[in-house]
Every structure is written in structure tokens, then in C-alpha cells.
Asks: 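So that we are looking at the same thing, I have put the structure below in C-alpha cells.
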Number of protein chains: 2
Amino acid sequence: MGGVSTTAPAAGSRDLPHPACDEIRLETVLHALSDPMRLQIVRELAADGGELSCSQFELPVTKSTSTHHFRVLREAGVVRQIYRGTAKMNGLRREDLDDLFPGLLDSLLAAATRQAVRLGG
Amino acid sequence: MGGVSTTAPAAGSRDLPHPACDEIRLETVLHALSDPMRLQIVRELAADGGELSCSQFELPVTKSTSTHHFRVLREAGVVRQIYRGTAKMNGLRREDLDDLFPGLLDSLLAAATRQAVRLGG
DNA sequence: CCCATTGTACGAGAGACATCGTAGTTTGAC
DNA sequence: GTCAAACTACGATGTCTCTCGTACAATGGG
């Protein structure tokens, strides 16, 4: 049955499950961001604006734990993850989140920055 | 040592410990709001604008559990609680939160309302 | 003083979570 | 084919959280 490959995913793609927009729950997003490690990840992603591989984050935890945190963020609908070679790239789902919860992400990021300034110096 | 009673608390007051503004942590606030029950409480408090006693909330849990949730909100710095007779009144710490994290509470409440509309109707 | 109302304290149980270590898979380079 | 790099899967462990039930404390009204 040919034709499957016309719009098929790129060869060798390992797809990761992401929640659709209407499956994203506010409580789940808040829970994902209530962990300091994950909030830091999101802050760095927002600062970068593009995509970052998992290994570019220098988190004070093992790689197993990193994997766990990135998955929580992806399953909450906060980040999008795709494989690129051996790396797994992460990007903020900014448009989706802004559509669902206008202004929320910006407020959260501003609050996080403000707190970092307040606590850090 | 003397004069302790000059500005002593009102007779019979049972004071509750609240975090000072500079002790309120964003992660803790987000965690407090990541529970559906507590998010609902905060939504009702914001809708009312004033103070509500614990018993005015009709939550689908026992009183013990209610007490627990209100305490989590208070210890996170989200609500202020004071005794008034046998009742314990709850009020949003709106000014404190707006000072610390400008716009965050409004965004969160708007997001919660939006999601309620999306899911409920 | 007695009592109803309101909320607390304490303990328990079930489940979720953050963390780790080890072993394994996938990919790209040589 | 071989190898290193990046990431995952699985299990273990200790901690936290949500829930409840029962027993208790504080307040205000007769």
C-alpha cells in the first residue's frame, strides 16, 4: 500500500508524545513550573528564544533526573521536544500557551526574573 | 523587658503565622495553586473580593482536608487568615502578591476562568 | 454552665514525586 | 564495524501530599 511515505515523518524519527492544546491543563502547567529545576529550565529556554539541547543545561542533578524534568515539562505542554541526531532539542510552546492563557507565560517569567533579582542581589 | 503589653495583641486572639513578603517564593505559590481544590478557593476569593469564612466554601472534601488546603495557601503567602469569633476568615493577599509579582495574579485568574469556560461550556 | 458551631491536631494510609545508579538504545563520526 | 556521545528505561529509596476519621479546643448564645 504505497503512498504512506509521501508525508511520512523523516526517516529515523523517534517521535515523542505531546499533549494537544485542548489537553493542556492550567494546574498541570503550574505544577510543572513549581519545581525550581524546571522553572530554571523554562527561564533559560525563554531567554534563548530558540531550541536548546538537554545537555546545554548545567543542572545540579544527574542525567536521569534531567530526563525526568524535561518529560514533565513536555507532558504538561510547556515545552516541545524533538530529536535531532543524538540530541533532543527543547523549545518553549510559547504560541500555544499564549493562545490558551494570554499573558500568563510573560507574567510568570517576569515574576521569576524579579524573584531571582530579589534573592540573588 | 517591661511594657510588653502596651501594644499586645487583642485579648483572646489566636494568631496564625503568615510569611512576610520577602519570604514568599514563586515556586511555593505555584505549587499552592497547582491543586484544583486550592485553585478553586482562590478563584472564589478573588470573585468575592473580600473575606470569606472557611465554611462558606462547599468543597467536596472533609473539614480536615479543607483545613489542610487553607493552611497550604496561607503558608505559601496566597491568603491571609484571621479568626473572627468561631469563624476563620480568608482574604487574598492581593496587594502583597501584586507588589512581588506584578500582573501574575490577574493572569492566573484570567487563565483559570478561561479554562473553566473552555472545559465547562 | 451547657451547648452548638467552627475549626484544629494527630495519626494513618494510599499515592505521587525527586533523586539516584546501572544498564541499555539510538545516532553520527571514523 | 567500532566507538563515543546523548539520552532513556527501570528499579529503589526517601520524602512529601492528599485524603480521611476521630478526638479535641475556642468562641458566642441561651
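Here is the naming used below: chain letters follow the sequence lines, and residue numbers restart at 1 for every chain.
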Asks: Anything under 3.5 Å between a protein N or O and an N or O of nucleotides 2-6 of chain C, put it in a table, one pair a line.
Replies:
residue, atom, partner, partner atom, Å
C:dT6, O3', B:T86, O, 3.4

Asks: Rounded to whole Å, please give me the gap between CZ in A:F70 and P in C:dT19.
Replies: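 A:F70 atom CZ is separated from C:dT19 atom P by 13 Å.
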Asks: Counting only side-chain heavy atoms from C-beta out, which of D:dT19, C:dG7, C:dC20 sits nearest to B:Y83?
Replies: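 The listed nucleotide nearest to B:Y83's side chain is C:dG7.
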Asks: How close or far is atom P of D:dA5 from atom CD of A:Q56, stated in whole angstroms?
Replies: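 Rounded to whole Å, this separation is 16 Å.
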Asks: For A:M37 and B:R74, take the nucleotide of DNA chain C holding the closest heavy atom to each; which residue's nucleotide lies nearer the 5' end?
Replies: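 Its nearest nucleotide lies further toward 5', so the answer is B:R74.
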Asks: Taking only Lys NZ, Arg NE, NH1 and NH2, and the carboxylate oxygens of Asp or Glu, determine whether B:D106 and B:R94 approach each other closer than 4.0 Å.
Replies: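 Yes.
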Asks: Is there a chain of hydrophobic side chains (I, L, V, M, F, W, Y, each step under 4.5 Å between heavy atoms) that links B:L39 to B:L59?
Replies: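 Result: yes, single cluster for both.
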Asks: Rounded to the nearest Å, what distance is computed from the CG atom of residue B:L16 to the C1' atom of nucleotide D:dA25?
Replies: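 The answer, rounded to whole Å, is 14 Å.
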Asks: To the nearest Å, how far apart are B:Q81 CD and C:dG7 P?
Replies: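 That distance rounds to 10 Å.
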Asks: Could you state the CD-P distance from A:E27 to C:dC17, rounded to the nearest angstrom?
Replies: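 From A:E27 CD to C:dC17 P: 14 Å.
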Asks: Give a yes or no on whether B:E23 atom CD has more than 12 heavy-atom contacts from other residues, nucleotides or ligands under 6.0 Å away.
Replies: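 Counting neighbours around CD of B:E23, more than 12 heavy atoms of other residues, nucleotides or ligands fall under 6.0 Å, so yes.
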Asks: For nucleotides 9-17 of chain D, which of its nitrogen or oxygen atoms have a protein nitrogen or oxygen under 3.5 Å away, and what is each distance?
Replies:
residue, atom, partner, partner atom, Å
D:dA9, N6, A:S64, OG, 3.3

Asks: To the nearest Å, give me how far apart CE (A:M89) and P (D:dA6) are.
Replies: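 Whole-Å distance recorded here is 12 Å.
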Asks: Starting from P on D:dA6, measure out to CD1 on A:I82 and report it in whole angstrom.
Replies: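 Checked: the CD1 to P distance equals 17 Å.
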Asks: Please report, rounded to the nearest Å, how far the P atom of D:dC7 is from the CG atom of A:L73.
Replies: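 After rounding, the reported distance stands at 15 Å.
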Asks: Are the side chains of B:S53 and B:R84 in contact, using a 4.5 Å heavy-atom criterion?
Replies: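 B:R84 vs B:S53: side chains apart.
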Asks: Can you confirm whether A:V78 sits close enough to A:R38 that some side-chain heavy atom of one is under 4.5 Å from a side-chain heavy atom of the other?
Replies: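 Side chain of A:V78 against side chain of A:R38, heavy atoms only: no contact under 4.5 Å found.
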Asks: Could you walk me through whether B:R93 and B:I24 satisfy the side-chain contact (heavy atoms from CB on, under 4.5 Å) test, starting with their C-alpha distance in whole Å, then the side-chain angles of each, then the deciding distance to 0.1 Å, before giving a yes or no?
Replies: CA-CA 11 Å; B:R93 292 181 66 173; B:I24 296 178; 4.0 Å; yes
Asks: Counting distance only, does the side-chain N/O of A:N90 pair as donor-acceptor with the main-chain N or O of A:L52 below 3.5 Å?
Replies: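 Answer holds: yes.
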Asks: Quick one: are B:R114 and A:L26 in side-chain contact, heavy atoms under 4.5 Å?
Replies: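 When only atoms from C-beta onward are counted, A:L26 and B:R114 do not touch, as no gap falls below 4.5 Å.
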Asks: What residues, two or more places apart in sequence or in another chain, satisfy side chain to side chain contact (heavy atoms under 4.5 Å, CB included) together with A:R118?
Replies: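 So A:R118 forms a side chain to side chain contact (heavy atoms under 4.5 Å, CB included) with A:Q115, B:D22, B:L100, B:F101.
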